[in-house]
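For reference, the structure is listed below as structure tokens.
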Amino acid sequence: MIEQPTRTRVGVSIRQATKAYGVFRALDDVSLEVAPSEFVSILGPSGSGKTTLLGILGGFVHPSSGSIWLGSRDITFEPPHKRDIGIVFQNYALFPHMSVGENITFPLRARRLPKSAWPEKLKSALEMVELSGYESRKIHELSGGQRQRVALARAMIFEPGLILMDEPLSALDKQLRENMQIELKRLHKRLGATIVYVTHDQREALTMSDRVAIMNKGRLVQVDTPERLHDHPANAFVARFIGEATLLPVRRESDTLVRLGEQALATTHPVPDGSDLHLVVHSEKLVVADGSEHPASNRLCGIVTDTLYQGESIRVFVKLNGGGELSFRLPSNHAGRALMKSPGEAIMLALHPEDTVIVRDAG
Ligand SMILES: Nc1ncnc2c1ncn2[C@@H]1O[C@H](COP(=O)(O)OP(=O)(O)OP(=O)(O)O)[C@@H](O)[C@H]1O
């Protein structure tokens with residue numbers, strides 16, 4: 001394994017960037033600071049502006065206003081090849097007629113680095129992605145995961161200050177994709193490169209990133225650690241987008257109390273002001289109330305409407321007595337099955353006040 005101590009670790013700063021196409025704003029006043037060595041994912045629904053944001057970082061899209069900084073350098077008007085940025089695309093964009101070695105050293109050729117410096121750089125790039133000995137192979141002789149690693153080595157060989165990735169794993173099957181997520185995360189830890197990663201897969205973003213930036217309609221809605229995003233979404237849009245959550249309308253009673261129908265629910269988190277409030281119920285935070293739950297837990301009563309076997313878990317759908325529906329999961333093991341109810345049976349669920357999260361509507 002090779003460390004790359006020579007790598008310049010720089011942060012990137014997007015300042016009040018807007019991209020307008022006529023009256024439509026693909027990006028609307030977006031500011032984002034990515035720290036040196038940080039891994040930040042951009043996550044959002046289709047058309048929310050992720051690729052546009054990556055494009056203005058890479059220099060393929062010119063912002064209508066605002067500026068882009070790489071460390072202390074204003075790169076807003078620099079062409080892509082002068083930006084010191086490595087890019088990995090979804091389809092890898094490898095040259096099929098070239099060998100692995102020729103593909104990886106391509107950026108050195110493009111940058112006119114003396115040929116005498118290539119072998120050493122190629123050797124460490126191959127070691128970095130664990131493909132030593134593959135330099136003569138043709139691209140079509142590689143697996144999807146290996147191709148992805150070649151693309152990564154090619155993006156990293158010139159030691160760029162910033163690496164941009166646009167859905168780089170989306171063409172891989174589920175198993176390989178999950179392995180590559182872990183591999184990429186390890187690689188990032190080892191190399192300390194600054195990475196901005198676009199994905200529409202929330203699980204991928206939560207798994208890999210130091211922070212995730214959630215986009216909607218050209219704007220950043222929340223930029224936070226995966227844990228904060230999941231457990232403390234800024235609003236109903238983020239709550240619906242992250243994790244498996246049901247949102248139920250509630251009324252504010254006090255700073256620590258809301259009402260769901262006639263049922264009072266306590267929370268340890270300050271209840272936001274306003275009349276458009278929702279309780280965020282993540283299925284994994286609900287437990288069947290069987291006496292073993294925390295005594296301060298909120299209780300939700302209802303009738304089981306359906307059960308769905310999903311391999312590692314059983315998803316149980318419940319119609320609440322006060323109106324509203326939600327689902328929760330039981331592990332598909334002996335203990336889980338012991339708590340199972342059949343459709344038509346009454347059930348009581350417990351939700352700890354710390355897991356009782358209230359958000360405002362997206363607004
Ligand atoms: N050249 C263009 N002219 C006009 N509108 C554009 C142009 N490029 C992008 N857009 C619009 O800007 C919005 C954001 O597009 P963008 O490609 O950044 O979204 P995205 O979040 O990457 O979506 P996806 O996940 O589908 O790739 C979309 O509504 C798109 O139609």
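Remember, it's 1-based here, ligands and their atoms both numbered in the order they're listed. As the structure is a computational prediction, the values presented were derived from the model and not from experiment.
No donor-acceptor pair under 3.5 Å is formed between the side chain of Lys138 and the backbone N or O of Pro96. With Ser64 contributing its side chain and Ala20 its backbone, the two residues share a donor-acceptor pair below 3.5 Å.
Using a 3.5 Å distance cut-off with no hydrogens or angles, the side chains of Thr199 and Asp201 do not pair a donor with an acceptor. For the residue pair Glu204/Tyr197, the side-chain donor-acceptor check at 3.5 Å is satisfied.
For the pair Arg203 and Glu178, the salt-bridge criterion is not met [side-chain N within less than 4.0 Å of a carboxylate O].
Protein residues with a heavy atom closer than 4.0 Å to ligand 1 are Tyr21, Phe24, Ala26, Pro45, Ser46, Gly47, Ser48, Gly49, Lys50, Thr51, Thr52, listed by chain and number.
Note on residues 102-115: pairs passing side chain to side chain donor-acceptor pair (under 3.5 Å), not counting sequence neighbours, are Ser99-Glu102.
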